[in-house]
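All remarks here apply to the structure that follows.
Along the sequence shown, the residues carry numbers beginning at 1.
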Amino acid sequence: MEVVIRRASAEDIPAVHAIEVRAFPTPWRREFFEGELQAAGRFNLVAVRDATVVGYLFAMYILDEMHINKIAVAEEERRRGIAARLMDECLRFARRTGMATISLEVRRSNSGAQEFYRRLDFKPVYMRPRYYPDGEAAVVMARDLMR
């Protein structure tokens, strides 16, 4: 069955959080995701296959800047283009709403994710030392949407 990308809803949060807990060493609490659904300036997506959430992207925007807070795909669904589809939808929204830049943080040790973002024209901008709770640095990557 085909994967459908749509806006996230409150009903999706249990499945989103279940993916989050398996995907990240320091996962967001469920309440964080619930809060993101209520907050202004948010663009939150889920990828759904057969009525099951298999991935998500949670982003925020203010003025002409967008920031991807979270993106993950269920382990058994990885390497099938789902993250790329989530990013494509996010980039379409960003362009349509006049965003000038889009940014995100990625663990310094996560070379696979950094390469994925490079293929989407994100460039490393700077390093945030000790960004993650375990002390690892984050690479801030950004893409100019005005060119």
(request) Determine whether Ile82 and Ile71 fall in the same hydrophobic cluster, where Ile, Leu, Val, Met, Phe, Trp and Tyr are linked whenever their side-chain heavy atoms lie under 4.5 Å apart. (result) yes
(request) Using the rule that two of Ile, Leu, Val, Met, Phe, Trp, Tyr join whenever any of their side-chain heavy atoms come within less than 4.5 Å, decide whether Val73 and Leu57 are in one cluster. (result) yes
(request) Answer with yes or no after comparing the ring centroid distance for Phe93 and Tyr61 against a 6.0 Å cut-off, counting only values under it. (result) yes
(message) The test is salt bridge (Lys or Arg N to Asp or Glu O under 4.0 Å); show your working for Arg6 and Asp12 and say whether it passes.
(response) CA-CA 11 Å; Arg6 64 167 170 74; Asp12 299 319; 2.8 Å; yes
(message) What I'd like to find out is whether the side chain of Leu145 reaches to under 4.5 Å of the side chain of Leu91, using heavy atoms alone.
(response) yes
(request) Using a strict cut-off of less than 4.0 Å between a Lys/Arg side-chain nitrogen and an Asp/Glu carboxylate oxygen, indicate whether Glu89 and Arg95 qualify as a salt bridge. (result) no
(request) Check the pair Met87 / Arg92 against side chain to side chain contact (heavy atoms under 4.5 Å, CB included), numbers first and verdict last. (result) CA-CA 9 Å; Met87 289 294 292; Arg92 270 195 292 279; over 6 Å; no
(message) Taking Phe58 as the starting point, is it possible to reach Ile102 by hopping between hydrophobic residues whose side chains are less than 4.5 Å apart?
(response) no
(request) Under the salt bridge (Lys or Arg N to Asp or Glu O under 4.0 Å) rule, what do Glu105 and Arg128 come out as? Steps first, then yes or no, please. (result) CA-CA 9 Å; Glu105 291 93 11; Arg128 282 200 170 121; 2.4 Å; yes
(request) Evaluate the criterion salt bridge (Lys or Arg N to Asp or Glu O under 4.0 Å) for residue pair Glu136 and Arg108; output intermediate values, then yes/no. (result) CA-CA 7 Å; Glu136 185 171 357; Arg108 185 172 63 186; 5.4 Å; no
(message) Contact between Asn69 and Met60 at the side-chain level, heavy atoms closer than 4.5 Å - yes or no?
(response) yes
(message) Is any side-chain heavy atom of Val21 closer than 4.5 Å to one of Ile19?
(response) no
(message) Assess the residue pair Leu104 and Tyr117 against the criterion (side chain to side chain contact (heavy atoms under 4.5 Å, CB included)); give the C-alpha distance rounded to whole Å, side-chain angles, the decisive distance to 0.1 Å, and a yes or no.
(response) CA-CA 9 Å; Leu104 54 86; Tyr117 297 125; 3.6 Å; yes
(message) Going by salt bridge (Lys or Arg N to Asp or Glu O under 4.0 Å), Glu20 matches just one of Lys70, Arg30, Arg29. Which one?
(response) Lys70
(request) Could you label the plane-to-plane angle of the Trp28 and Phe33 rings as parallel, tilted or perpendicular, counting under 30° as parallel and over 60° as perpendicular? (result) tilted
(request) Find out whether Ile68 and Ser103 are in side-chain contact, i.e. whether some heavy atom of one side chain is under 4.5 Å from a heavy atom of the other. (result) no
(request) Start with the C-alpha gap between Val3 and Val48, add the side-chain angles, then the distance that decides, and say whether side chain to side chain contact (heavy atoms under 4.5 Å, CB included) holds. (result) CA-CA 5 Å; Val3 171; Val48 180; over 6 Å; no
